[in-house]
Amino acid sequence: MVNLKNLRIIKQKKVKTMKRRGYLIGAVVAGALLFSLNTNVQAAIVPISGNATSYVRKGNQYRFYFKAPTRLTVTTKAKYKILNTSNWKCIPYKGKNKNTKVFYLRSGHYNLTTKSGKNVKIKTSATRITKIRNKLETFSHKTYPTTIRYPEAIPLKMGQTVTGLSNMYHSDKLNTTNIYKFTLDKDQKVTMNMSVQPVYENSRSNIFNTNNIQIVQDTDYGYALNQWETKGTLKNGQYSWNLEKETYYLEKGTARGRFSFKLSSEDTNALPSTPKLTKVSSTEDGIKVDYTKADNATGYGIYGSSVRRHKSKDLLLDAAPMIGHSNFTPDSKYPDVLTQTISKNRLINGETYDIAVRAVNDEERLSFSPVSANQKFTYYIPLKGSHEKPKTPTLKVSYYDDHGSDEPYIDIEWDVNPEADSYEIQYSLKGSNKWATFFSKARSGDIVDDPTNDFGQDFKKDQVYEVRVRTLHSNLISDWSEVKTARVDVTPNR
């Protein structure tokens, strides 16, 4: 016979157990829901392979790591973006269909985020750029100069298409300097058509997204042609220069990413004619330069470089449309102003300068005439005060030992002469039978810090240098001082 009292007790235990189980099941469900909500609030960082099929969802960061520069192909219906560790957005190329994009990325970490709320399939395929580089570049990176050395530039022909990569590698040995050269056998308007696909989007902080195109003439008489600067993606952009018959170097700045360009040329009559020097003279203000009028000119630039110290010719006084003019404001009469003065502040009394003039036209970007025939001219400040021969200076010479660093020099001192306009300094490596000369505007002394240009070598321990100085007052010159010597104490660690 069943004990009803015991049966009721058993049933009550079962009910309590079921209630306890229900409580446990509910707690588990609630905890799972809370965990799910928390995962949506706090983004997870999920490693993702460059060669895989994965699933992505909103709220997570999917991190790639590429040991070397990589071409990454992404296929997905998800809306997403890829950023580098500086939060610069990576720019995609078009793929084979609307769901496929291609990225060219430098080595490093990248994060992919998506706006898709549900798990969406994403397929990635990564290839090292070194494996496909010969398909992306017209010239191997090994054929470019290792530094900006114009004579070693890669020759170009008009109409030749050039493709390449810029600044994609951390090692300069694998990057290119993007230096080219071309030659014109007559005056031509040269047009550059260029397309650029950088690695990153435009932003104020992104300094690796700007292309600078600079053309430099192969001549001692340098000048600044207009630079062509582009930022971000460019498709078939064009820029032109009017150039005289000559060889030119083209330098492309290193925005990170892929590029393609082509040069074309056509005849032009936009260049000014060549002016001629008519008179060069010394004044209290400097060297006065007179020249003839040039057809089609809107301004003129004067060249003047030290014959003794410089091989290249610097624009000592630039035409107003280029950089600005110190004497007057450019106006409609500027093309008719046929005299300019190189300021005495840029000159040294007794120094000989190579003077030339060039015309410029800035109505359609900058166009330059050929440079005029040059004239060598020695500048002497017009004589004032005493007409007597200056007093011979008293000289002190010593070698500054910087204990093997890279800034040693021969220290030269002389007594101050209030009438001196300049000093001529000569120094010689004892035993060379050669004197190197330079002029100084300093009142009481100067230095020799690098004898390499004059003697083909830097300072070496136990070398002895001889030094002498004389004073100039206008074109009046003193006798040479007594020769003094300085011995090099230690070979510099250059």
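A 4.5 Å side-chain heavy-atom check between Asn167 and Arg106 finds at least one atom pair inside the cut-off. Taking the side chain as every heavy atom from C-beta outward, Asn345 and Ser343 approach each other to under 4.5 Å. The shortest distance between side-chain heavy atoms of Val483 and Val467 does not fall below 4.5 Å. A 4.5 Å side-chain heavy-atom check between Ile355 and Ile342 finds at least one atom pair inside the cut-off. For the pair Asn475 and Leu472, the minimum side-chain heavy-atom distance is 4.5 Å or more. The shortest distance between side-chain heavy atoms of Ile213 and Met194 falls below 4.5 Å. Counting heavy atoms from C-beta on, the side chains of Lys89 and Asn84 never come closer than 4.5 Å. Put simply, the side chain of Asn211 does not reach to within 4.5 Å of the side chain of Glu229, judged on heavy atoms.
Within 6.0 Å of atom CG in Asn134, more than 12 heavy atoms from other residues, nucleotides or ligands are found, so the atom counts as buried in its surroundings. More than 12 heavy atoms of other residues, nucleotides or ligands shown are found within 6.0 angstrom of CD on Gln457. Atom NZ of Lys293 has more than 12 neighbouring heavy atoms from other residues, nucleotides or ligands inside a 6.0 Å radius. Atom NZ of Lys434 has more than 12 neighbouring heavy atoms from other residues, nucleotides or ligands inside a 6.0 Å radius.
Rounded to the nearest 0.5 angstrom, Leu174 CG and Arg133 CZ are separated by 6.0 Å. Between the CD1 atom of Ile132 and the OH atom of Tyr104 there is a distance of 5.0 Å, given to the nearest 0.5 Å. One distance of note links CG of Asp450 with CG of Asp458; it measures 5.5 Å at 0.5 Å rounding. Atoms CG and CZ, from Leu105 and Arg256 in turn, are 12.0 Å apart once rounded to the nearest 0.5 Å. The CZ atom of Phe261 sits 14.5 Å away from atom CD of Gln238, with the distance rounded to the nearest 0.5 Å. Atom OG of Ser195 is separated from atom NZ of Lys262 by 10.5 Å, given to the nearest 0.5 angstrom.
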Begin from the C-alpha positions of Trp88 and Ser205 and carry the test side-chain hydrogen bond (donor to acceptor under 3.5 Å, both in side chains) through to its verdict. CA-CA 9 Å; Trp88 295 345; Ser205 59; 3.0 Å; yes
Assess the residue pair Thr283 and Asp285 against the criterion (side-chain hydrogen bond (donor to acceptor under 3.5 Å, both in side chains)); give the C-alpha distance rounded to whole Å, side-chain angles, the decisive distance to 0.1 Å, and a yes or no. CA-CA 5 Å; Thr283 71; Asp285 296 323; 4.8 Å; no
How far apart are the C-alpha atoms of Phe459 and Tyr400, what are their side-chain angles, what is the distance that settles it, and do they pass the ring pair (Phe, Tyr, Trp, His ring centres under 6.0 Å) test? CA-CA 11 Å; Phe459 296 118; Tyr400 170 71; over 10 Å; no
Please evaluate residues Thr177 and Thr146 with respect to the criterion side chain to side chain contact (heavy atoms under 4.5 Å, CB included), reporting the C-alpha separation (whole Å), side-chain torsions for both, the decisive distance (0.1 Å), and the verdict. CA-CA 7 Å; Thr177 55; Thr146 54; over 6 Å; no
Show your working on side-chain hydrogen bond (donor to acceptor under 3.5 Å, both in side chains) between Gln227 and Gln214 and close with a plain yes or no. CA-CA 5 Å; Gln227 289 192 39; Gln214 176 69 61; 3.3 Å; yes
Run Lys189 and Ser265 through side-chain hydrogen bond (donor to acceptor under 3.5 Å, both in side chains) and show every step you take. CA-CA 5 Å; Lys189 179 180 180 180; Ser265 64; over 6 Å; no
Please evaluate residues Tyr93 and Phe103 with respect to the criterion ring pair (Phe, Tyr, Trp, His ring centres under 6.0 Å), reporting the C-alpha separation (whole Å), side-chain torsions for both, the decisive distance (0.1 Å), and the verdict. CA-CA 6 Å; Tyr93 285 65; Phe103 298 84; 8.8 Å; no
List the steps and the verdict of ring pair (Phe, Tyr, Trp, His ring centres under 6.0 Å) for Phe377 and Tyr353. CA-CA 5 Å; Phe377 181 79; Tyr353 295 91; 8.5 Å; no
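Under the 4.0 Å criterion applied to side-chain N and carboxylate O atoms, Lys389 and Asp479 are assigned as salt-bridge partners. With respect to the salt-bridge test (charged N to carboxylate O, under 4.0 angstrom), the residues Glu284 and Lys384 qualify. Salt bridge Glu244/Arg358: present, at least one basic N to carboxylate O contact under 4.0 Å.
Using cut-offs of 30° and 60° on the angle between ring planes, the pair Trp228 and Tyr239 is parallel. Note on ring orientation: taking the six-membered ring where Trp is involved, the planes of Phe182 and Tyr248 are parallel (angle under 30°, cut-offs 30° and 60°).
A donor-acceptor pair is defined here as one N or O able to donate and one able to accept, closer than 3.5 Å; no such pair exists between the side chain of Ser481 and the backbone of Leu395. With hydrogens and angles ignored, the 3.5 Å screen pairs a side-chain donor or acceptor of Thr298 with a backbone N or O of Val360. For the pair Thr183 (side chain) and Thr247 (backbone), a donor-acceptor distance under 3.5 Å is absent. Side-chain atoms of Glu482 never come within 3.5 Å of backbone atoms of Pro393 as a donor-acceptor pair (strictly under, hydrogens ignored). A donor-acceptor contact shorter than 3.5 Å is absent between the side chain of Thr143 and the backbone of His141. Within the 3.5 Å criterion, the main-chain N or O of Thr352 finds no donor-acceptor partner in the side chain of Thr378. Ser260 places no side-chain N or O within donor-acceptor distance of the main-chain N or O of Thr163, the cut-off being under 3.5 Å. Between the side chain of Asn175 and the backbone N or O of Met168, at least one donor-acceptor pair lies under 3.5 Å. The main-chain N or O of Thr392 is never found under 3.5 Å from a side-chain atom of Ser478 such that the two would form a donor-acceptor pair. Remark: the backbone N or O of Ile348 is not paired with any side-chain donor or acceptor of Glu351 at under 3.5 angstrom.
Applying the salt bridge (Lys or Arg N to Asp or Glu O under 4.0 Å) test to residues at least two apart or on different chains, the pairs with a partner in residues 267-283 are Lys186-Asp267. Identified under the salt bridge (Lys or Arg N to Asp or Glu O under 4.0 Å) test for residues 144-173, with sequence neighbours left out: Arg149-Glu152.
Screening Thr210, Asn209, Thr233 for a side chain to side chain contact (heavy atoms under 4.5 Å, CB included) with Asn202, the sole residue that qualifies is Asn209.
There is no side-chain donor-acceptor pair under 3.5 Å between Asp421 and Tyr380. Gln426 and Arg468 share a donor-acceptor pair across their side chains, judged by distance under 3.5 Å alone. No side-chain N or O of Ser367 forms a donor-acceptor pair with one of Asn361 less than 3.5 Å apart. A donor-acceptor contact under 3.5 angstrom links the side chains of Asp290 and Thr339, judged on distance only.
In this structure, Tyr465 has its ring center no closer than 6.0 Å to that of Tyr399. Taking the six-membered ring wherever Trp is involved, the centroid distance between the rings of Phe439 and Tyr423 does not fall below 6.0 Å. Taking the centre of each ring, Tyr150 and Tyr249 come in below the 6.0 Å mark.
Here the closest heavy-atom approach between residue Ala294 and residue Tyr300 is recorded as N-OH, 3.0 Å.
Scanning for side-chain contact (heavy atoms from CB on, under 4.5 Å) contacts around Ser440 gives Trp414, Ile425, Ala442, Asp446, with sequence neighbours left out.
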